[in-house]
Amino acid sequence: MTDGATGARASGGEWLFHAICVLVLLFLMVPTLLIVPMSFSATAYLTFPPAGFSFEWYHTFLTDPEWIDATLFSLRVAALTTLASTVVGTMGALALVRGRLPGRQTIEALLLAPLIVPPIIVAIGVYLQFAPLGLTGTLPGFVLIHTALAVPYVVLVVSAALQRLPPSLEMAGLNLGGSRLACFRRITLPLIAPSILAGAVFAFLASFDETVVSFFISGVEHKTVTRKLFEDIEFNLSPVIAAASTVFVVSTILMMWLADASKKAATQ
Amino acid sequence: MLRERPAAAAARAAAATVSGLAVGISEVWRRYGPVTAVAGVSLDVAAGEFVSLLGPSGSGKTTLLMMLAGFEQPQSGRLTVGERDITRVAPNKRNVAMVFQRYALFPHMTVAENIAFPLRMRRIGRAEREARIRRALDMVKLEAQAGRKPAELSGGQQQRVALARAIVFEPPVILMDEPLGALDKKLRQHMQIELKQLQRRLGATVIYVTHDQEEALTMSDRVAVLNHGKLVQLGPPRALYDQPADAFVADFIGEMNLLPGTVRAMTGELCTLAVDGGTAVGMAASNSDGQLASGKPARVAVRPEHVELVAASGAAQDGLPGQLAEIVFNGATTAMLVELAGGTMLRADISTRSSLAGLHPGSPVVASWAAGAALVFPGAA
């Protein structure tokens, strides 16, 4: 009978644990999930609960030239940022994990600084630097600063993968006659590729989601979609914001799922 | 070569015949801060020779091997392969193969792709490459596993792949870093013999690092014993076993009784010592040059198989009196552990067939040995 009693108690504790987990998840997700029904609203302004049902706001988002321009600009910035930060971040991780750098810890701290410094501080600093150089509101300007902000994610993910990889593999490659470059290309790179891909996804999202710095350095011509969202919230508050957000949330989930699936495929 | 059996000759012809090159290590030093890892080691390995670097951990054997592979740099000294000075040559330009402790197989490549790697790096054409891979796989008996990934193989099979990958480019020198350390005992003994046969067939020079003295004695033409970064003794296994240069080698190689005592008298090379419970005899170690004078501390070293035991009769007997403490059955031999009068333990290995009847723990016994079977080393423990 004692068995039954402890079993009941254990499952009672388990039940409570699950309940808390569900509540925490709800707390985190509800604000995002609320956006979805609001995006199908038939009213001309954001309301909750939404009244009526229409695809009108999706239509607006996909046809309004301002929204299209902002979205395409953000995608271009994010794509170039992903490319640049993946290359720079992977090379940085290699140097940090495999190299014998003097002052390694200082370099590591500086690399990760953008994750710690408040974005508004970065934004003001960047604006003051970029304005005299004419880099504000330009594609190179955005790519430059977004790369700096995205590199830490790549460095973190790729460093972790390199630390798990025994150095003896690269030593064996050298010993068997491979040059350093050949060893990297044929041994190290294929083995850390899933992590590089995961780092690239993080970098893409870090750029695409980036709001504060983008708010400061966007121009009239070139603005990111985050800046456009911000402007619309301030002046229009139409459900097109909800529609745009829903599109971004869904595509983010898809990307994360893809990165995860590729990582799983690689480890199998 | 003329007397080779036909089968062996055929095997030799089928194998990619490699002629080994001599390896020279001269006056090599390596310090890490206050720690001296390698202290002026000089060692010449002949072409086609199998030499083991044997020593406890921290003796410098692995550092020495890493220097030969090019992953560590000596601070002074010179390394040569054949006529070529390789002291400052990059690891990938040395043409010296290495078998790593945990094999270091590339997990994303199949067995065949792993073995192909050194050939691809040398830009060897496809037809030649495939022929060589087949030959290497055949030599390590892994033809059936060519398409598998390393993770799908057993430890012993992974070891063979590592070996095939190391020999496929026909290196004149193969370095091995405790390659059998991860295998269980039975498989290890089997692989020792196979490795040795393979090396003979290839004719490659092998430098083999191990901390397992039994392994070193089994496989090597010569063994280099290292301790605290110094080369203590270099010689064929039998010489190391019979004529250890010092008490460290005596203790490290095989089983050895080391009894501390005080020199009583020297008669030529014959040394008489006062030890626990009586008087012992032995021959002065070859390099003890005059350090064994009357009254000086010394240790007498005698192998357990040279110790003779008789039951104490009560009458005066030559030898060291003691009490049988333990009888340990080891198969072919039985170890008799004797506690001498002052508490020192002495081990005698007796053939199990002639195992002394009537002796049991607690029996009073007398232990002795022929003077020629024991060595006396100067100095206290």
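Lettering of chains follows the sequences in order, A, B, ..., and the numbering in each one begins at 1.
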Among all residues two or more places apart in sequence or in another chain, which pass the salt bridge (charged side-chain N to carboxylate O under 4.0 Å, His left out) test with B:Asp221?
B:Lys196
Could you look at B:Arg120 and say if it's the side chain, the backbone, both or neither that has a heavy atom under 4.5 Å from chain A?
side chain
Take a 6.0 Å sphere around CD of B:Glu83 and say whether it holds more than 12 heavy atoms from other residues, nucleotides or ligands.
no
Looking only at heavy atoms, which two atoms of B:Arg165 and A:Ala172 are closest? And how far apart?
NH2-CB, 3.7 Å
Is it true that, when you exclude A:Tyr153 itself, more than 12 heavy atoms of the residues, nucleotides or ligands shown sit nearer than 6.0 Å to its OH?
no
Give a yes or no on whether B:Arg123 atom CZ has more than 12 heavy-atom contacts from other residues, nucleotides or ligands under 6.0 Å away.
no
Within a radius of less than 6.0 Å around CZ of A:Phe204, do more than 12 heavy atoms belonging to other residues, nucleotides or ligands occur?
yes
List for me each residue that meets salt bridge (charged side-chain N to carboxylate O under 4.0 Å, His left out) alongside B:Arg78, sequence neighbours excluded, and say none if there are none.
B:Asp85
Verify the neighbour count for atom CZ of B:Arg84: are there more than 12 heavy atoms of other residues, nucleotides or ligands below 6.0 Å?
yes
For A:Leu191, is it the side chain, the backbone, both, or neither that has a heavy atom closer than 4.5 Å to a heavy atom of chain B?
side chain
Contacts of residues 89-101 of chain B with chain A (heavy atom under 4.5 Å):
B:Pro91, B:Asn92, B:Val96, B:Ala97, B:Met98, B:Phe100
Please check if the number of heavy atoms outside A:Gln105 that lie under 6.0 Å from its CD is greater than 12.
no
Residues of residues 103-115 of chain B with any heavy atom under 4.5 Å of a heavy atom in chain A:
B:Ala104, B:Leu105, B:Phe106, B:Pro107, B:His108, B:Met109
Does atom CZ of A:Arg76 have more than 12 heavy-atom neighbours from other groups under 6.0 Å away?
yes
More than 12 heavy atoms of other residues, nucleotides or ligands under 6.0 Å from CD of A:Gln129: yes or no?
no
Could you tell me which non-hydrogen atom of A:Ala182 sits nearest to which non-hydrogen atom of B:Met121, and how far apart they are?
CB-SD, 3.8 Å
Is it the case that the side chain of B:Arg122 and the backbone of A:Leu176 share a donor-acceptor pair, with hydrogens and angles ignored and the cut-off at 3.5 Å?
yes
